[in-house]
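Contents: one structure, followed by commentary.
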Amino acid sequence: MLGLHVYEERRRRLRASLPDNALAIVAAAHEVIRNRDAEYPFRQSSDFWYLTGFTEPDAVLVMAPNQPDRLFVRPRDPNQEVWTGRRLGPERVHAHLGIDEGYPLDALPGHLAELLADVSWLEYPFACPFSTQVVDTALKARASRSRRHDLLSHRVDLSRHLHQSRMIKSREEVDLMRDAGAISARGHIAAMEQCAPGMTEDQLASIVEHTFRMQGSPAVAYQTIVGGGDNACILHYIDRSDRLVSGDLVLIDAGCEVEGYAGDITRTFPVNGQFTTPQAELYDLVLAAQTEALNEMRVGKTIKCFHQAALRTLTQGLIDLKIIKGSLEEALETKQYLPYYMHGTGHFLGLDVHDVGAYEEQKEPITLTAGMVITCEPGLYVSKRSDAPARYRGTGIRIEDDVLITAKGPEVLTGLVPKERDQIEALMRGA
Ligand code: GLY
Ligand code: MN
Ligand code: MN
């Protein structure tokens with residue numbers, strides 16, 4: 001957990017954005033039942049985690065200007081805790097989380113009834129079903145108590161301020177993301193070192209994830225993608241059921257979480273440790289596109305700039321390799337690259353792997369600002385069914401790094417894992 005002052009400062013900023021007669025409500029996530037007594041692994045709601053540092057399910061943060069912050073949590077219960085684990089309990093909220101007041105969850109309706117009596121502005125994250133449920137229940141209860149339906153004139157999406165804050169990472173957040181980047185990189189290195197033909201995609205994934213855990217990360221930031229050969233052309237391929245074949249490339253897109261902050265790395269390498277000539281041609285093209293794109297990830301440039309840089313390089317390369325036809329400008333205009341490159345070149349990264357933050361403001365692409373963390377992930381996907389020359393088919397390549405935007409230029413947080421062909425081949429040879 002970060003220092004308590006970090007969470008207090010985040011709540012202070014949110015409180016300062018509220019008008020006088022406002023109330024803000026942010027709920028934690030619930031556990032999701034998988035079947036009978038088994039649950040899916042619990043992951044805290046990112047907005048709630050950002051504001052509280054609290055990782056238990058079933059809690060609600062209530063804030064209002066000029067009022068103490070209140071956190072409603074599951075009560076201590078020795079009988080339940082024997083089964084499902086320790087609980088913080090309301091008594092320890094202040095000491096452990098620095099939040100002014102802790103209450104048991106069943107006190108929430110009473111507090112909300114009182115607080116909502118003369119509130120006209122209610123903020124909560126609209127996209128969060130748990131927060132919406134708390135708000136709807138409280139408003140229904142209020143409606144049944146009072147005929148004054150006119151009091152609440154504003155329901156406002158709390159995300160508009162909060163997500164602006166989450167988009168710009170503080171020094172403490174960058175440190176965690178550096179750790180997430182380094183641990184994620186070690187997972188990829190282990191995969192390159194241990195990959196062998198005949199292994200299943202899932203076995204290779206287990207090497208990556210084992211390394212994450214052994215390095216201290218308890219969770220993946222998203223389901224690990226390992227696709228050999230043509231499977232690498234399925235962007236979010238999570239089946240991982242095939243065996244890896246000598247002569248194919250394998251694409252791994254995997255990242256771990258550190259205190260909730262995500263790493264997101266993709267590397268592509270030969271299953272047998274040596275690139276063939278057609279693989280090398282495509283690979284070097286994707287790497288060149290990433291180099292061009294990275295160079296555009298600078299303060300003051302727009303988010304569109306680095307995508308355009310990648311697109312131009314990839315499209316020119318596809319023409320040179322005779323995979324598509326025409327002049328560069330024509331090919332870009334008619335989007336001839338689309339069968340081979342169909343995704344954006346980057347996304348915000350943070351507590352969510354596809355993190356919050358607006359990509360456009362008034363229909364214009366936003367300008368890059370110091371403190372943003374954005375992925376840079378060009379790729380080429382030449383599937384077996386494509387019209388490309390036969391030697392390129394069945395090959396998917398993506399190279400993805402996590403980039404901190406700084407006043408001095410782009411800083412790659414995931415540089416530990418090699419991406420030059422000769423470095424990859426040397427690592428796989430054990431050199
Ligand atoms: N790992 C998902 C992505 O790169 O967007
Ligand atoms: Mn990504
Ligand atoms: Mn990725």
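Both counts, for ligands and for their atoms, begin at 1 and track the order of listing. In this chain, residues are counted from 1 in sequence order.
Considering backbone and side-chain atoms together, E400 places an N or O closer than 3.5 Å to an N or O of ligand 1. In terms of N/O distances under 3.5 Å, ligand 1 is not approached by R398.
Side-chain rings of Y124 and F126 approach one another, their centers coming within less than 6.0 Å. Aromatic pair Y381/H343: ring centres closer than 6.0 Å.
Under a 4.0 Å criterion applied to the non-hydrogen atoms of H347, ligand 1 contributes the atoms 3 (C), 4 (O), 5 (O). In the vicinity of Y222, heavy-atom distances shorter than 4.0 Å reach the ligand 1 atoms 1 (N). Applying the 4.0 Å criterion to heavy atoms of E377 picks out, from ligand 1, the atoms 3 (C), 4 (O), 5 (O). Every atom of ligand 1 with a heavy atom of D253 under 4.0 Å away is listed here by number and element: 1 (N), 2 (C), 3 (C), 4 (O).
Of the candidates Y392, F275, F269, Y283 forms a ring-ring contact (aromatic ring centres under 6.0 Å, His included) with just one, namely F275.
For the pair L97 and T52, the tightest heavy-atom approach, listed with the atom from each and the gap, is CD2-O, 3.8 Å.
Salt bridge K384/D230: absent, no basic N to carboxylate O contact under 4.0 Å. Ion pair E411/R178 flagged as a salt bridge, since at least one NZ, NE, NH1 or NH2 atom sits closer than 4.0 Å to an Asp/Glu carboxylate oxygen.
The closest non-hydrogen atom to atom 3 (C) of ligand 1, taken over Q223, H354, H343, comes from H354.
Protein atoms of type N, O or S found under 2.8 Å from the Mn ion (ligand 2) total 4.
Counted within 6.0 Å of CD on Q336, heavy atoms from surrounding residues, nucleotides or ligands total more than 12; the atom is thus considered enclosed.
Checking side-chain atoms of K169 against main-chain N and O of L349 turns up a donor-acceptor pair under 3.5 Å. Counting only distance, with no hydrogens or angles, the side chain of E81 and the backbone of D77 share a donor-acceptor pair below 3.5 Å.
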